[in-house]
S.K.: 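One structure coming up, written as structure tokens, with questions to follow.
Small disclaimer: the values here were computed from a predicted structure and weren't measured.
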Amino acid sequence: MSEEFKFNVLATDGKARRGEITMPRGTIRTPAFMPVGTGGTVKAMYMDQVRGVGADIILGNTYHLMLRPGAERVARLGGLHEFARWPHPILTDSGGFQVMSLSKLRKLSEKGVTFRSHIDGAAYEMSPERSIEIQGLLDSDIQMQLDECTALPATPKEIQRAMELSLRWAERCKAAFGDQPGKAMFGIVQGGDIPDMRVRSAQALKGLDLKGYAVGGLAVGEPQEVMLDMLDITCPELPEEKPRYLMGVGTPDDIIKSVARGIDMFDCVMPTRAGRHGLAYTRRGKVNLRNARHADDPRPLDEESDCPASRDYSRAYLHHLIKSGESLGAMLLTWNNLSYYQHLMSDIRASIEAGRFADRTAEIGEGWARGDLPVHPGQ
């Protein structure tokens, strides 16, 4: 482990990068998937399970933790690592996306955003400086700038206004963050689905010489091809020696195609949310445990997996748990899903090192295309 924040690219295969972020609380192997721990918990998982499936870093959410239990309270209790019993790196998002999407009666200005909590209607103010202050109180290792995330579709005028405001806020966040040894602040490229706006945003952020760069405002309802087009335009504008983080993405297919374009870090609620709703991610593609075909199936989700949830419980039992609304069903499928995502990232990293990223990801895609096991003959 390093006392400073450092990123090294260890191998490349095409535009795909195998790297490593080192910082005081641990090493993050990239490409990395960060399980989402919105309110100080990765839903339906123990933290030692999250670590056990291979996660090097988790994500916490500034907006939710600010509202409940409160950043100052978390700080008094020793910071988010101590509070949640996760001694490894944590990235916190700025809260900007949730302010825009969840809050009632929000009002945007140059200063920041005033809004009402979606929980109890209480009034709050979030400025770039306050966002960084909250992330500091949480003792986050990687902190994100406050930005304005516009949902697509949007008008070019609206996209430009939000992008330019986000750039001004990035400068203020950098000043508020200052020099924090061993920690990092990332800027966020905005610009919607307009190539020139993405380039302008990336180039301006590059000029701030930040420790890392995120691509935001994608995976907000636009088709996958639009997201990939924006990555094709944006990634070449970002420094090769800094990590690149695609926010809120995504499906296993999204991840593979984004790694191919030079992305190093990902987060998404999909594997945990899907697990709570009876959907399993596997090397054979998605499996819906709600379907009646699983009711008498004694086979596990994946007999080759090293995850107990995938290997040791029958599909019939998982189907029963989900149909009965038992908490254990959500727990086991979330465990399976996060295990699958982390195995996918490990597979991707190994294939880049071996110089066979394209071949290996094609094989993974073929496994998804073949689909799940046929119906059990006993049914």
S.K.: Please name all residues satisfying side chain to side chain contact (heavy atoms under 4.5 Å, CB included) with Ala176, sequence neighbours left out, ordered by chain then number.
M.R.: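 For Ala176, the residues satisfying side chain to side chain contact (heavy atoms under 4.5 Å, CB included) (neighbours in sequence not counted) are Glu129, Ile132.
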S.K.: Show me, pair by pair, the donor-acceptor contacts under 3.5 angstrom made by side chains of residues 7-14, not counting sequence neighbours?
M.R.:
unit_1: Asp13; atom_1: OD2; unit_2: Arg356; atom_2: N; d: 3.2
unit_1: Asp13; atom_1: OD2; unit_2: Phe357; atom_2: N; d: 2.8

S.K.: Does His88 have any ring-ring contact (aromatic ring centres under 6.0 Å, His included) partners at least two apart in sequence or in another chain, and if so, which?
M.R.: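 Once residues adjacent in sequence are excluded, the partners of His88 under the ring-ring contact (aromatic ring centres under 6.0 Å, His included) criterion are Trp86.
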S.K.: What is the ring orientation for His118 with His64, classed by angle as parallel under 30°, tilted 30 to 60°, or perpendicular over 60°?
M.R.: perpendicular
S.K.: Report the residues that fulfil salt bridge (charged side-chain N to carboxylate O under 4.0 Å, His left out) with Asp179, sequence neighbours left out, ordered by chain and then residue number.
M.R.: none
S.K.: Using distance only, find each side-chain donor-acceptor pair of residues 232-240 under 3.5 Å and give its atom names and separation, not counting sequence neighbours.
M.R.:
unit_1: Asp232; atom_1: OD1; unit_2: Arg261; atom_2: NE; d: 3.1
unit_1: Thr234; atom_1: OG1; unit_2: Met230; atom_2: O; d: 2.7
unit_1: Glu237; atom_1: OE1; unit_2: Gln203; atom_2: NE2; d: 3.1

S.K.: Does Phe5 have any ring-ring contact (aromatic ring centres under 6.0 Å, His included) partners at least two apart in sequence or in another chain, and if so, which?
M.R.: none
S.K.: Answer yes or no: is there a donor N or O on one side and an acceptor on the other, between the side chain of Arg349 and the main chain of Pro31, under 3.5 Å?
M.R.: yes
S.K.: Donor-acceptor pair, Asp264 side chain versus Pro243 backbone, under 3.5 Å?
M.R.: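 Not a single qualifying donor-acceptor pair exists.
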S.K.: Could you list all the ring pair (Phe, Tyr, Trp, His ring centres under 6.0 Å) pairs where at least one residue sits in residues 173-224, not counting sequence neighbours?
M.R.: none
S.K.: Using the salt bridge (charged side-chain N to carboxylate O under 4.0 Å, His left out) criterion, which residues pair with Glu20? Sequence neighbours excluded.
M.R.: none
S.K.: Does Pro298 have any side chain to side chain contact (heavy atoms under 4.5 Å, CB included) partners at least two apart in sequence or in another chain, and if so, which?
M.R.: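 Result, side chain to side chain contact (heavy atoms under 4.5 Å, CB included) vs Pro298: His376.
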S.K.: Only pairs under 3.5 Å count here: list side-chain donor-acceptor contacts from residues 320-327, not counting sequence neighbours, and write none if there are none.
M.R.:
unit_1: His320; atom_1: ND1; unit_2: Ser324; atom_2: OG; d: 3.3
unit_1: Ser324; atom_1: OG; unit_2: His320; atom_2: O; d: 2.7

S.K.: Taking atom CZ of Arg200 and atom CE of Met163, what is their separation to the nearest 0.5 Å?
M.R.: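 Going from CZ on Arg200 over to CE on Met163, the span is 4.0 Å.
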S.K.: What pairs with Trp169 under ring-ring contact (aromatic ring centres under 6.0 Å, His included), at least two apart in sequence or on another chain?
M.R.: none
S.K.: Can you sort out the partners of Phe33 under ring-ring contact (aromatic ring centres under 6.0 Å, His included), two or more places apart, ordered by chain and number?
M.R.: Tyr341
